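All values reported here derive from a predicted model rather than from experimental measurement. Letters A, B, ... mirror the listed sequences (proteins, then strands); counts begin at 1.
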Amino acid sequence: MKLILEKRAEHSQKMAVLSPLIAIALTVLVGGIIFAVRGLNPFYALYIYFIDPVMSLWSIEQLVVKATPLILIGVGLAICFTANVWNIGAEGQLTMGAVFGGLLPVMFPEFQSPLVMPLMLLLGVIGGMAYAAIPALLKNRFGANEILTSLMLVYVAGFILDWLVRGPWRDPMGFNFPKTVTFDGWQLLPTFGGTIHMGAVLAVVAVVVLAVVMGRTLKGFEILVLGNAPRAGAFAGFSRTKIVLFSFLLSGGLAGLAGIGEVMSTVGQLQPTISPGYGFTAIIVAFLGRLNPIGVLFAGLMLGISYLGGEAAQVTLGMSDKIAKVFQGILLFFILACDSMILYRIRLITGAKPQAAPAE
Amino acid sequence: MTGQSEFLLQTIGVTKMFGDLAANADVTLKVAPGEIHALLGENGAGKSTLVKMIYGSLQPTSGELFWMGERVTVPNPAAARNLGIGMVFQHFSLFEALSVAENIALAMPGKLDLDILSERITRVSKEYGLPLDPSALVADLSVGERQRIEIVRCLLQEPRLLIMDEPTAVLTPQEADQLFVTLNRLAGEGCAVLYISHRLEEVKQLCHNSTILRHGKVVANVDPQKETAASLARLMVGADVHSISARASRTEGPVMIETSDLSMPSDGPFGVSLKNIALDVQGGEIVAIAGVAGNGQSELFDALSGERQALTGDAVKLCGTNCGLTSVTGRRQMNAAFVPEERLGHGAVPGMPLSENVILTRHSAASGLTRSGFIDREVAHQINDRLTQKFDIRKGKRDPEARSLSGGNLQKFVVGRELDREPKVLIINQPTWGVDAGAAALIRQALIDLARSGSAVLVISQDLDEIFEIADRIAVISRGELSTPRPAGDISLEQIGLLMAGAHEKGAAKVERAKA
């Protein structure tokens, strides 16, 4: 008797919808077990982690703030992964977006004008794009594996930011703290009353635009074809190298925008740490959202909860907020596992003697 | 049958069915110790199937295998190696980042000491005239040297039977000569060699005995030394002569497909370089290119379609325009159409519905499929429905994924998608490969109809029946060299067989001269 994975004739539409839901359900189940093992009442703990954060207006605002960078980055990565291009370095592109955009208020703190805000956003996008172009060019020119190069560049970006805020860009009036001047006036994004800032609007715009591109345009078709069957893509006259560069610039630009958005709102200055790993979590967002821009919108909110839940678990349950990373990891694991059910089905083979064959 | 036998290996009445298709039917093969035994046949004749059953990667449907007179079953390749059967594959699987010794160690059973192994490799490789440095990285080695690794790997297990699948296909003539010395020496020591090839001169030079397969059946067992290359070719391709009729009253049109001196280096270790290909196809005619698979057909197709660009613009001319440097999209816009050999993954995206696969090759043409970058899916559906009707594509629903169609129906779709555009030039690689008879007939008729309407059609095919059925002129490709196309009425199967074995190659001519 044995279990086999059997290929389906076509993609199962039903599983494509069910897979992320099953993954979330399994994650909650395993989370409950983890809480129980820690001696907590699993139902109460799960309530605190997943439900409590969306019960008050204040925390829903927080959720949107957390989801904003996740959605911005996740939607870019969704396109990238669809093209079978593996940008794992969004966290570094986010950092470089913040650094490029931060250039303006740090170098010219006195420069206040309505122009400053769009200029900073633009610089942020350019920073992310420029940084993402490095792994893209290395891949196209030398065939270097973009997973490795983009990931390693994350740490390089982290050190560049660290050096800047401890060295040349440190606020001279800042009591030697490793921070730049605090941004002010036009150097900050406008908010909607509370803490939700204009980045949220940009995220929704990005989702809608990319949903149209992927669903309706030849460019989107090109990305799908090259991601699915590169040989057929070449036969259709599409260029793999151009798409590699395009997907990196797109996802890098959006990550840069998320980065500058963070320092122009919640962070308000440059400091050694500006993101709790949004660039990595966005990878989960992209997959949980089925690599579909609209799906990413919901997945971003879902993963936003995991951050808030981590904070809640720390405050209310006395657990480390690293629990958020654990939940995110478990979720990604189950998504990828459930996704195999879209093209395969599980079958139980009984009786027949297993034919010795593989050996090679 | 018990006791000693004069034969090392015998297959008695071996049959292998794949569905309704008999890949091998009642095959009897006898190999004596110390004999270099050729297994000859066209592609699809059943050589690989037979060898895979001997090596244990396939199980016969019926029939028996005898090894040194004892009846055996070979459940898997490991069992074959235990019996003393080694095999060198045509496409070898080596880890480029590892050294020669490490690669060999991976294939050896049990634990072993790398230093001792290296020493054995050096000794064995020297003994058999296959110099190898055990510490060299595979990535740095030539294809010939890589093949030596595979051979040495087999020799280390002291085989009694060595199976070689088209070993010279990837070798230079000098490397091939070196290989023959080694094989002769092995045979002298009593090791039998089962040598798969379709290069007749080579077989005549090397082999003591030969078994010839056609359509899965043994058609002859002859001593190649006593045969001529021509008689072997006739046995291989079959003497059941076709009713060859040069199709009458063909209107001569302008030359629509032209290559002059098209050369292209191969793009990988298993690729074939194209050498000075000269070809012309007029509007209104079908020219067919015959040849055994892997002799440059797909390279030639890529060069003509523009998936690989030529070195100069004038190397390829379509519809009278230089387009050696033009992209595949640019060539389609000149009203040329292409159908590659691989349906899934090259001609169509497996996971996409047919309507989207329509867009794949037709987004550039003025078909209303795209307007300023946006796709009109309604038009794609209309085209898909039209193809379904015109080419009798059978499918479960209106717009299934390409992968769910049967081979014949998908081929009708892929061919129909191009014919529906009424192209002035059609280049098609293996139009009916793996397709049922009904679909094949429909596709061939469609090709003839297209040519009669004045278009130029170039068919690359391994199926000689097909070629004689539809072609006006025939050329043969072998190791990247193309013979001069000749009218179908003036060329016999025997001549084609000789050309397939490389009679027109410049290299072959030199060898002949050297012998004289």
Student: Could you pull out the closest heavy-atom pair between H11(A) and R403(B), with the gap in Å?
Tutor: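 Of all heavy-atom pairs spanning H11(A) and R403(B), the closest is CE1-NH2, 3.1 Å.
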Student: I need the full list of ring pair (Phe, Tyr, Trp, His ring centres under 6.0 Å) pairs touching residues 323-352 of chain B, with sequence neighbours left out, sorted by first then second residue.
Tutor: F235(A)-H346(B)
Student: Contact part of L224(A) toward chain B, heavy-atom cut-off under 4.5 Å: side chain, backbone, both or neither?
Tutor: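 Both parts, backbone and side chain.
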Student: Check this for me: F333(A), atom CZ, are more than 12 non-hydrogen atoms of other residues, nucleotides or ligands nearer than 6.0 Å?
Tutor: no
Student: Does R216(A) CZ have over 12 foreign heavy atoms under 6.0 Å away?
Tutor: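 No, the 6.0 Å shell around CZ holds no more than 12 heavy atoms from other groups.
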Student: Quick one: of S327(B), P353(B), P400(B), S305(B), who has the most non-hydrogen atom pairs under 4.5 Å with chain A?
Tutor: P400(B)
Student: Between G237(A) and V328(B), which heavy-atom pair has the shortest distance, and what is it?
Tutor: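 What the structure gives for the nearest pair is CA-CG1, 3.2 Å.
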Student: Non-hydrogen atoms of chain A under 4.5 Å away: do they reach the side chain of R371(B), the backbone, both or neither?
Tutor: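 Contact with chain A: none, neither part.
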Student: Indicate yes or no: does R231(A) engage D302(B) in a salt bridge with an N to O separation below 4.0 Å.
Tutor: yes
Student: Taking everything shown except K139(A) itself, do over 12 heavy atoms lie less than 6.0 Å from its NZ?
Tutor: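 Yes.
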Student: Between atom CE of M352(B) and atom CG of N228(A), what is the distance when rounded to the nearest 0.5 Å?
Tutor: 5.5 Å
Student: Verify side-chain contact (heavy atoms from CB on, under 4.5 Å) between T217(A) and I375(B), making sure each step is shown before the conclusion.
Tutor: CA-CA 5 Å; T217(A) 67; I375(B) 293 170; 5.9 Å; no
Student: Around atom CZ of R345(A), are there more than 12 heavy atoms of other residues, nucleotides or ligands at under 6.0 Å?
Tutor: yes
Student: Look at T370(B), T329(B), I359(B) and state which one has the largest set of heavy-atom pairs under 4.5 Å with chain A.
Tutor: I359(B)
Student: Looking at Q382(B), I want to see if its CD is surrounded by more than 12 non-hydrogen atoms of other residues, nucleotides or ligands under 6.0 Å.
Tutor: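 Counting neighbours around CD of Q382(B), more than 12 heavy atoms of other residues, nucleotides or ligands fall under 6.0 Å, so yes.
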Student: With only heavy atoms counted, which part of R332(B) is less than 4.5 Å from chain A, the side chain, the backbone, both or neither?
Tutor: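 Only the side chain of R332(B) comes within 4.5 Å of chain A.
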Student: Would F374(B) and K219(A) count as a side-chain contact (heavy atoms from CB on, under 4.5 Å) here? Give the steps.
Tutor: CA-CA 8 Å; F374(B) 281 80; K219(A) 192 77 192 170; over 6 Å; no
Student: What's the shortest heavy-atom distance between F221(A) and E356(B), and which atoms?
Tutor: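 It is CZ-O, 3.1 Å.
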Student: Sort A348(B) into side chain, backbone, both or neither according to what part of it lies under 4.5 angstrom from a heavy atom of chain A.
Tutor: backbone
Student: Does any backbone or side-chain atom of V212(A) lie under 4.5 Å from a heavy atom of chain B? Answer side chain, backbone, both or neither.
Tutor: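 Side chain of V212(A) only, per the 4.5 Å heavy-atom cut-off to chain B.
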